[in-house]
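For reference, the structure discussed in these notes is given below.
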Amino acid sequence: MRAFAVWQPIPGPNIAPHAYGSAKNSASLALFGNASASYDEDGTIARYEWRWGDNTPMTPKEYAWHKYAAAGTYLVRLTVVD
């Protein structure tokens with residue numbers, strides 16, 4: 001009888017990055033986003049994505065300004081990619 005090797009994935013060193021952001025009102029309807037506390041344990045952050053919750057385009061920066069067209073409550077999301 002012939003033995004066959006079974007393929008199994010080997011866990012890689014890639015660890016998901018950690019997104020930490022803060023947002024602060026700086027003026028009426030304006031928001032400043034700061035993602036400088038984000039980090040990747042096994043590398044560097046390759047991309048930042050701020051989503052402002054008002055159907056405007058994503059902002060791909062570590063530090064970002066956003067001005068809202070109208071007052072309201074918005075869910076702001078920060079995603080980091082390694």
Side-chain angles (χ1 to χ4, degrees):
M1 182 167 196
R2 191 172 192 187
F4 291 95
V6 177
W7 179 84
Q8 293 183 10
I10 297 172
N14 190 20
I15 299 170
H18 302 278
Y20 292 103
S22 62
K24 182 176 180 181
N25 279 23
S26 59
S28 179
L29 302 180
L31 197 64
F32 175 69
N34 178 350
S36 65
S38 301
Y39 66 95
D40 182 21
E41 292 178 28
D42 63 339
T44 59
I45 303 294
R47 188 171 70 237
Y48 298 86
E49 297 177 356
W50 286 97
R51 299 188 192 280
W52 304 104
D54 62 352
N55 295 319
T56 56
M58 174 270 298
T59 303
K61 298 182 177 182
E62 181 177 0
Y63 303 98
W65 285 96
H66 185 72
K67 183 162 181 148
Y68 290 94
T73 301
Y74 301 95
L75 175 62
V76 177
R77 294 181 182 195
L78 168 64
T79 302
V80 294
V81 179
D82 67 346

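Only heavy atoms go into these numbers, but all of them, side chains included; no hydrogens, no water, no symmetry mates. Remember, predicted model here, so these are calculated numbers, not experimental data. Here, residue 1 is the first one in the sequence, and each next residue gets the next number.
With values rounded to the nearest 0.5 angstrom, N34 atom CG is found 7.0 Å from E62 atom CD.
Scored by the side chain to side chain donor-acceptor pair (under 3.5 Å) test, T79 finds no partners at all (sequence neighbours excluded). With sequence neighbours left out, the side chain to side chain contact (heavy atoms under 4.5 Å, CB included) criterion links T59 to W50, W52, K61, A64. Qualifying side chain to side chain donor-acceptor pair (under 3.5 Å) partners for R47, counting only residues two or more places apart in sequence or in other chains: E49. In this structure, Y63 has no ring pair (Phe, Tyr, Trp, His ring centres under 6.0 Å) partners at least two apart in sequence or on a different chain.
Between G53 and Y74 the shortest heavy-atom distance is O-CD2, 3.5 Å. The shortest non-hydrogen separation linking S38 to L78 is OG-CD2, 3.9 Å.
Inter-residue side-chain proximity for D40 and V80 is flagged as unmet; no heavy-atom pair is nearer than 4.5 Å. The side-chain heavy atoms of H66 and D54, taken from C-beta on, include a pair separated by under 4.5 Å.
In the hydrophobic cluster analysis, where Ile, Leu, Val, Met, Phe, Trp and Tyr join through side-chain heavy atoms closer than 4.5 angstrom, V81 is grouped apart from Y48.
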